[in-house]
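Just so it is clear, the model here is predicted, and its values are computed rather than measured.
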Amino acid sequence: MKKLNKIFILAIAICMPIFFIGCSINSIGQEDKKSTLAKGFFWKATKGDDFIYLVGTIHPDKSNINYLNDTMKKIIKETDALALEINFSDENTKKSLDKINKENTYLKQGELNNLLTNKEQEKFKRILESLDFKYEDIKNLTPEAISNLIKKEIYVRAGFNGNTSDIFLQNTYNSNNKKVISLENINDQHKIISKNTTDLKKFINEFNAKTIEKEIKTGNEIMYAFITGDSNYMEKYVKDNQLKNKDDYNNLLKDRNKKMVEKIDNLIKENENYAVAVGTMHFFGNDSIIKLLQEKGYKVTKLKS
């Protein structure tokens, strides 16, 4: 139960663990001590005399990653404000996330096995055992909470237990008294990525001996592509996922990209110089933020890192 409590705290947040908010990085010097310098992905979008920086982020990530290459330092220096998918340091966002977690962590009645067939119950038990969980410890969780818990445990096994680049940037801009805003609303984001009984059943039925190994392998490949700045890998990954599951692609990337670009188009007109930092995958594929901005007349230049 002690292990469950520890990991459960890490698991419940919506798109990244909220406990990272407290792990602030107070100076650039501290981040420089990390061992692996990531190239990452950066662009500058311009229209007329206006410009905005675009930064690809990675979540989750490993604890030894240093995001402060020369390009990132330059962007931080030249911008007055930061726009993230979600600004987790915002008090209203914290309250909303706390409310979401309270409403979606425990079943209002019954237990998980009541939602599953006998065959699914047996397989679910084996899955939990493979992850060192006991059914009795998690039986009252919602399908969403158990999905997050399993996902987080796989991340931990893959070594993804560090600060995210989103949170690093959030803390850096906050510590320099620069404005940080959200491009999305936490409640809207939750609706997109929330899990239900159907999702849990699908996970159980599709789970096999190689599921965890495959997830870990993919996570490490994405991390390595981010560290090395491998645009070809990111482009292929997004396009492959579009072919595999069009609905997920539309919900998680295409539709959100359109809304984010509208926000970016408004931000560039403001007096502050902005850096927009969102998940790297939003900048690749057929419906990327880059392509949508170009369709709006922006010149988008990839920056060396």
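A salt bridge links Glu262 with Lys296: the distance from a Lys NZ or Arg NE/NH1/NH2 to an Asp or Glu carboxylate oxygen falls below 4.0 Å.
Minimum heavy-atom separation, Ala275 to Tyr173: CB-OH, 3.6 Å. For the residue pair Asn104 and Glu144, the shortest heavy atom distance occurs at OD1-OE1, 3.7 Å. Nearest heavy atom pair, residue Met234 against residue Ala225, reads CE-CB, 3.8 Å. The two residues Asn251 and Ile192 make their nearest non-hydrogen contact at O-CG2, 3.6 Å. Scanning both residues, Glu85 and Ser182, for their nearest heavy atoms gives O-CB, 3.8 Å. Taking both residues in full, the closest heavy atoms of Ile268 and Ile52 are given as CD1-N, 4.0 Å, listed atom of the first, atom of the second, then distance.
Lys44 is not listed as a side-chain neighbour of Leu54, based on a closest heavy-atom distance of 4.5 Å or more. Looking at heavy atoms from C-beta onward, Ile216 lies in side-chain contact with Ile154 at the 4.5 angstrom threshold. The side-chain heavy atoms of Leu82 and Ile76, taken from C-beta on, include no pair separated by under 4.5 Å. Counting only heavy atoms from C-beta outward, the side chains of Lys179 and Ile181 approach each other to under 4.5 Å. When side chains are defined from C-beta on, Ile146 does not count as touching Phe133, because their heavy atoms never get closer than 4.5 Å. Looking only at side-chain heavy atoms (C-beta outward), Ile58 and Thr164 stay at 4.5 Å or farther from each other.
Below 30°, between 30° and 60°, or above 60°: for Tyr237 and Tyr233 the angle between ring planes is below 30°, a parallel geometry.
For the atom pair CG of Asn174 and CG of Asn177, the computed distance is 8.5 Å after rounding to the nearest 0.5 Å. Rounded to the nearest 0.5 Å, atoms CG (Asn273) and NZ (Lys77) are 14.0 Å apart. Note that NZ of Lys202 is 8.0 Å distant from NZ of Lys195, once rounded to the nearest 0.5 Å. The CG atom of Asp265 sits 11.0 Å away from atom CG of Leu292, with the distance rounded to the nearest 0.5 Å. One finds the CG atom of Asp80 at 11.5 Å from the CG atom of Asn176 (value rounded to the nearest 0.5 Å). The distance from atom CG of Asn87 to atom CD of Gln170, rounded to the nearest 0.5 Å, is 5.0 Å.
None of Leu267, Ile86, Val261, Leu84 except one satisfies the side-chain contact (heavy atoms from CB on, under 4.5 Å) rule with Leu183; the exception is Leu267.
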Determine whether Ile138 and Lys134 satisfy the following criterion, side chain to side chain contact (heavy atoms under 4.5 Å, CB included), listing intermediate values before the conclusion.
CA-CA 7 Å; Ile138 56 84; Lys134 294 180 180 179; over 6 Å; no
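Stacking of Lys125 on the aromatic ring of Tyr135 is not recorded, the 6.0 Å distance cut-off and the 45° axial limit not both being met.
Residues Trp43 and Phe283 bring their aromatic ring centres within 6.0 Å.
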